[in-house]
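See structure below.
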2 protein chains.
Amino acid sequence: MPHRDERDVLSTLPGYALRRAANAMMSDFATRLGTADLRISDASVLQIIGERTDMTSSEIGKVLDIQRANMVPLVNRLEKAGLIARKPIDRKSSAIVLTSAGLERLATARTITSQFEDALIARIPEQHRQCFVETLNALWD
Amino acid sequence: MPHRDERDVLSTLPGYALRRAANAMMSDFATRLGTADLRISDASVLQIIGERTDMTSSEIGKVLDIQRANMVPLVNRLEKAGLIARKPIDRKSSAIVLTSAGLERLATARTITSQFEDALIARIPEQHRQCFVETLNALWD
DNA sequence: TATTGTTATACTCTATAACTATA
DNA sequence: TATAGTTATAGAGTATAACAATA
């Protein structure tokens with residue numbers, strides 16, 4: 001666990017504070033998902049294709065901000081784990097679809113994600129919770 | 001540039017939103033610091049030892065949430081670049097101190113950091129700015 | 001021509017284990 | 001005994017360039 005030091009200038013800078021908060025939270029999230037043998041990016045992909053159908057690897061990458069080239073080992077790993085399958089759209093592209101095992105794992109991922117999100121929200125002062133996601137998405141858009 | 005999609009469930013989850021916002025901002029910050037031949041962690045170290053004197057490598061690591069082992073190549077690189085020097089405290093430990101070149105580079109890093117922080121703050125809706133750092137530090141503590 | 005999927009590669013960051021030497 | 005510094009190593013994320021095949 002990190003410890004904040006009131007002499008630490010960096011704690012007053014939004015950028016550094018954002019970086020450290022995100023690192024701490026993502027480390028926690030990764031540990032939780034690890035119990036289901038999933039990485040954060042794995043869970044992200046399962047969530048996406050659980051919501052929207054007929055997405056190609058490239059499209060998923062665009063939504064998740066992961067480059068085409070880096071989607072390849074990710075999708076291959078999920079396919080080897082039996083969680084997703086490739087469904088040809090035309091001779092060039094394939095949709096990434098959930099298998100039944102993938103659907104089950106997605107349910108697990110959702111449970112873990114909910115628990116993580118609840119724990120995260122619980123750490124935010126109550127009066128600030130409402131604007132938090134709004135603010136973060138303003139930074140990402 | 002990523003594009004937010006209203007159909008994207010992940011945008012509604014604080015954890016994912018935190019992750020993507022942090023990634024986008026840190027990528028921007030890294031690019032800016034790159035013009036001064038610095039990484040984010042380099043700039044962090046310079047900032048820290050510019051504020052507090054006689055800190056050892058381990059102590060810097062604790063403040064920055066970087067492990068002892070990972071401080072080694074970082075400090076070595078800064079030393080090779082002539083930005084910091086090791087000042088023996090006893091036969092076991094050394095304080096990491098700024099050289100004159102390091103002091104100059106710190107000034108550059110501070111300018112870049114300010115510009116980056118200003119750009120970041122500008123993207124946050126005005127009514128939410130006040131609680132932003134407070135909220136992030138609540139997640140990190 | 002532009003896009004999709006892919007391979008190969010390299011760099012950064014992070015994590016762990018183990019060792020030496022000193023406090 | 002605990003801590004500081006170090007080495008080695010491995011995993012994960014990310015970035016670029018290049019290529020073939022297809023839209």
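We name chains A, B, ... by the order of the sequence lines, and we start the count at 1 in each one. All of these numbers come straight from a predicted model, not from anything done at the bench.
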**Request:** Using salt bridge (Lys or Arg N to Asp or Glu O under 4.0 Å) as the criterion, list what pairs up with R19(A), not counting sequence neighbours.
**Result:** none

**Complete:** E134(B) meets the salt bridge (Lys or Arg N to Asp or Glu O under 4.0 Å) criterion, sequence neighbours left out, with none

**Item:** Letter per nucleotide, 5' to 3', of nucleotides 6-16 of chain C [B base touched, S only sugar-phosphate touched, - untouched; heavy atoms, 4.0 Å]
**Value:** BBB---SSBBB

**Position toward the 5' end of DNA chain C (nearest nucleotide), D90(B) or K92(A)** = K92(A)

**Item:** Residue pairs fulfilling salt bridge (charged side-chain N to carboxylate O under 4.0 Å, His left out) with at least one residue in residues 92-111 of chain A, sequence neighbours excluded
**Value:** E51(A)-R110(A)

**Complete:** For residues 38-47 of chain A, the salt bridge (charged side-chain N to carboxylate O under 4.0 Å, His left out) pairs (sequence neighbours left out) are D42(A)-R77(A)

**OP1 or OP2 of dG5(D) under 4.0 Å from side-chain N/O of S58(B)** = yes

**Request:** Using atom CE of M71(B) as one end and atom C1' of dT7(D) as the other, report the distance to the nearest whole Å.
**Result:** 16 Å

**Asked** Which residues pass the side chain to side chain donor-acceptor pair (under 3.5 Å) test with D28(A), sequence neighbours left out?
**Response** R32(A)

